[in-house]
Amino acid sequence: MFMDIHCIQQVPPSNINRDDTGSPKTAYVGGALRSRVSSQAWKRAMRGVFDGMLDSGKLGKRTKGVVTLIAASIAAKRPDLTESAEDLGQKVLSAAGIKVKASDRAGSDKGSPVTDYLIFIANNEIDKLADLAITASDEGKDPSKMKKEVSEIFHGPQAIDIALFGRMLADAPDLNTDASAQVAHAFSIDQITPEYDYFTAVDDCASEDNAGAAMIDTVGFNSSTLYRYATVNIDALKEQLQDTSTAVEGAVAFVEAFIKSMPSGKQNTFANHTLPEDVVVVLRDSQPISAADAFEEPVRREEGLSVSRQGIERLGNRLNEIRVNYNEEPVKAWYIASGKEVDSLKEWSEQVSLPDLEHGLRETLNAVYSA
């Protein structure tokens with residue numbers, strides 16, 4: 001069972017995802033320059049939305065400071081082990097084959113143990129590793145030798161965000177988690193022209209005879225209408241979470257987080273807080289299918305017809321072509337559209353609000369997995 005999510009979203013002047021020069025990322029699609037937002041940027045934004053939607057016990061953290069988190073859990077559970085908590089945390093983590101070194105960062109973190117790379121670890125895994133270290137300490141055992149016990153913790157039910165986005169441990173590949181979700185790089189359905197905002201800043205305390213600016217700079221930006229796509233393998237998500245109800249909860253949360261999230265780049269400058277004008281969610285029992293090819297030819301604004309409206313009509317037409325030409329009849333489909341209904345979608349999908357979409361998705365998935 002696959003869940004495809006398609007969004008058409010207008011974004012005003014913005015720079016939400018920068019390249020190495022500080023300019024908005026771009027890509028050529030169909031020979032035309034388009035705005036682009038990387039999948040990594042949008043997944044990071046989605047994880048921020050998860051924090052307000054899901055219980056923290058079902059989520060994880062991505063950090064180099066895993067030892068510090070385990071040590072803090074040990075100290076909270078057993079204050080008498082506070083002085084040895086960091087050493088115990090380092091040893092129990094090393095049992096998984098994960099290398100730890102002293103941090104070379106300036107400030108209060110300098111000298112603290114850190115991993116060589118970011119590790120995605122569940123909050124409940126942190127607590128379980130802390131419990132294991134405490135037990136080892138009480139029994140006079142060396143936590144670094146408890147490879148089997150540590151492996152069992154990492155192979156248990158995953159956090160929802162880890163099950164969705166995956167985890168790679170270079171030092172311990174047997175503990176890797178395959179991602180059950182894929183997020184495409186968003187790109188604009190219309191051709192863009194890079195623009196630059198020239199600005200100055202004035203010193204509030206400058207003398208009256210000083211009329212010059214204290215700072216002069218430029219910032220790159222563009223405005224575009226994006227096509228966004230993501231897919232979730234619901235069966236794989238269920239396998240990772242080892243629980244049907246949690247998998248359904250994770251799928252519904254993914255839809256809402258994908259729709260409502262926005263990468264935070266330069267938001268204080270541009271305040272580009274928009275939501276998609278149009279969303280299509282399709283459940284398939286065959287394979288995931290993107291409709292990016294609907295926008296190989298860039299959309300151009302027509303009198304009385306916005307780019308986003310043309311976008312949902314093109315998207316609906318392409319999805320309908322796929323349905324008819326390739327016999328890809330969906331298990332169930334819903335769409336959210338600003339304005340009037342979309343003719344190419346209304347025959348085989350249901351126009352709904354976001355709450356109704358989530359309710360319908362939850363009911364459909366529960367019915368599928370209870371059959």
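Because only heavy atoms are used, hydrogens play no part in the values below, and waters and symmetry mates are left out as well, while side chains stay in. Predicted model, so just to flag it, every value in this text is computed and none were measured.
The heavy-atom pair separating P298 from R300 by the smallest distance is O-NH1, 3.4 Å. The two residues S223 and Q10 have their closest heavy-atom pair at OG-NE2, 3.5 Å. Nearest approach of R309 to S338, heavy atoms of both residues: NH1-O, 3.3 Å. Smallest separation of non-hydrogen atoms from L275 and I259: CD2-O, 3.8 Å. Here the shortest heavy-atom pairing between W42 and F258 reads NE1-O, 4.2 Å. Annotation for S224 and I192: closest pair CB-CG2, 3.7 Å, computed over non-hydrogen atoms.
Counting only residues at least two apart or in different chains, ring-ring contact (aromatic ring centres under 6.0 Å, His included) contacts with residues 67-95 are absent.
The neighbour count for E329 CD, taken as heavy atoms of other residues, nucleotides or ligands under 6.0 Å away, is above 12. Other residues, nucleotides and ligands contribute over 12 non-hydrogen atoms within 6.0 Å of the CZ atom of R284. Atom CD of E195 is surrounded by more than 12 heavy atoms from other residues, nucleotides or ligands within 6.0 Å. Residue-environment remark: OH (Y117) exceeds the threshold of 12 foreign heavy atoms within 6.0 Å. In this structure, Y326 places its OH atom where only 12 or fewer heavy-atom neighbours from other residues, nucleotides or ligands lie under 6.0 Å away. Enclosure of atom NZ in K141 is not indicated, since only 12 or fewer non-hydrogen atoms of other residues, nucleotides or ligands lie within 6.0 angstrom. Shown here is H359, whose NE2 atom has no more than 12 heavy atoms of other residues, nucleotides or ligands within 6.0 Å.
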Can you check side chain to side chain donor-acceptor pair (under 3.5 Å) on Y227 and D190, steps first, answer last?
CA-CA 10 Å; Y227 169 67; D190 50 342; over 6 Å; no
Would you sort out whether Y229 and D4 count as a side chain to side chain donor-acceptor pair (under 3.5 Å), showing the intermediate values?
CA-CA 7 Å; Y229 169 76; D4 291 338; 3.0 Å; yes
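A donor-acceptor pair is defined here as one N or O able to donate and one able to accept, closer than 3.5 Å; such a pair exists between the side chain of S370 and the backbone of A367. A side-chain donor-acceptor contact under 3.5 Å links T82 to the backbone of P79. Remark: side-chain polar atoms of D161 are paired, donor with acceptor, to backbone N or O of G60 under 3.5 angstrom. A donor-acceptor pair is defined here as one N or O able to donate and one able to accept, closer than 3.5 Å; no such pair exists between the side chain of Q267 and the backbone of H273. Remark: side-chain polar atoms of S84 are paired, donor with acceptor, to backbone N or O of L81 under 3.5 angstrom. Between the S349 side chain and the L345 main chain, a donor and an acceptor come within less than 3.5 Å of each other. Proximity of a side-chain donor or acceptor of T135 to a complementary backbone N or O of D131 within less than 3.5 Å is detected. Looking only at distances, a side-chain donor or acceptor of N123 sits under 3.5 Å from a matching main-chain atom of L59. Looking at T63, its side chain never comes within 3.5 Å of a backbone N or O of V66 through a donor-acceptor pair. D235 places a side-chain N or O within donor-acceptor distance of the main-chain N or O of M1, the cut-off being under 3.5 Å.
A donor-acceptor contact closer than 3.5 angstrom is absent between the side chains of R34 and Q191. Between the side chains of N320 and R323, at least one donor N or O lies within less than 3.5 Å of an accepting N or O. T274 and Q9 share a donor-acceptor pair across their side chains, judged by distance under 3.5 Å alone. A donor-acceptor contact under 3.5 angstrom links the side chains of Q158 and R167, judged on distance only. For the residue pair E328/S286, the side-chain donor-acceptor check at 3.5 Å is satisfied. Side chains of S180 and N233: no donor on one and acceptor on the other come within 3.5 Å. Counted by atom type alone, D356 and S353 present one or more donor-acceptor pairs between their side chains at under 3.5 Å.
Residues D197 and T218 fail the side-chain proximity criterion, which asks for heavy atoms closer than 4.5 Å. Here the side chains of K346 and K340 are not in contact, with every heavy-atom distance at 4.5 Å or above. Within the 4.5 Å cutoff, side-chain heavy atoms of L132 are placed close to those of I153. Here the side chains of R228 and F187 are not in contact, with every heavy-atom distance at 4.5 Å or above. Between L354 and I336, the closest side-chain pair of non-hydrogen atoms falls below 4.5 Å. Counting heavy atoms from C-beta outward, V282 and M3 have side chains that stay 4.5 Å or more apart. Annotation: side chain of S73 is in contact with side chain of D127 (closest heavy-atom distance under 4.5 Å). Between L305 and E303, every side-chain heavy-atom pair lies at or beyond the 4.5 Å cut-off.
Note that CD1 of I119 and CD of E125 are 10.5 Å apart. Values are rounded to the nearest 0.5 Å. Here the straight-line distance linking atom OG of S94 with atom NZ of K99 works out to 12.0 Å at 0.5 Å rounding. The OG atom of S245 sits 10.5 Å away from the NZ atom of K238 when rounded to the nearest 0.5 Å. Rounding to the nearest 0.5 Å places CD1 of I121 at 7.5 Å from CG of L69. The CZ atom of F120 sits 13.5 Å away from the CG atom of N176 when rounded to the nearest 0.5 Å. To the nearest 0.5 Å, atom NE2 of residue H6 and atom CD1 of residue I312 are 9.5 Å apart.
At a threshold of 4.0 Å, the pair E297-R314 does not count as salt-bridged, since none of the basic side-chain nitrogens sits closer than that to a carboxylate oxygen. Ion pair E321/R318 flagged as a salt bridge, since at least one NZ, NE, NH1 or NH2 atom sits closer than 4.0 Å to an Asp/Glu carboxylate oxygen. No salt bridge links R362 with E358; every basic N to acidic carboxylate O contact stays at or beyond 4.0 Å. Salt bridge present: D138 and R78 bring a charged side-chain N and a carboxylate O closer than 4.0 Å.
Residues M146 and I70 fall within the same hydrophobic cluster, defined by Ile, Leu, Val, Met, Phe, Trp and Tyr side chains chained together at heavy-atom separations under 4.5 Å. Taken together through direct or relayed side-chain contacts under 4.5 Å among Ile, Leu, Val, Met, Phe, Trp and Tyr, V342 and V279 form parts of separate hydrophobic clusters.
Note on ring orientation: taking the six-membered ring where Trp is involved, the planes of F254 and F165 are tilted (angle from 30° to 60°). Using cut-offs of 30° and 60° for the angle between ring planes, the F221 and F270 rings count as tilted.
Contacts of Q242 classified as side-chain hydrogen bond (donor to acceptor under 3.5 Å, both in side chains), with partners at least two apart in sequence or in another chain: none.
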Result block: side-chain N/O donor-acceptor pairs under 3.5 angstrom for residues 49-56, not counting sequence neighbours:
from, atom 1, to, atom 2, distance (Å)
D55, OD1, G57, N, 2.6

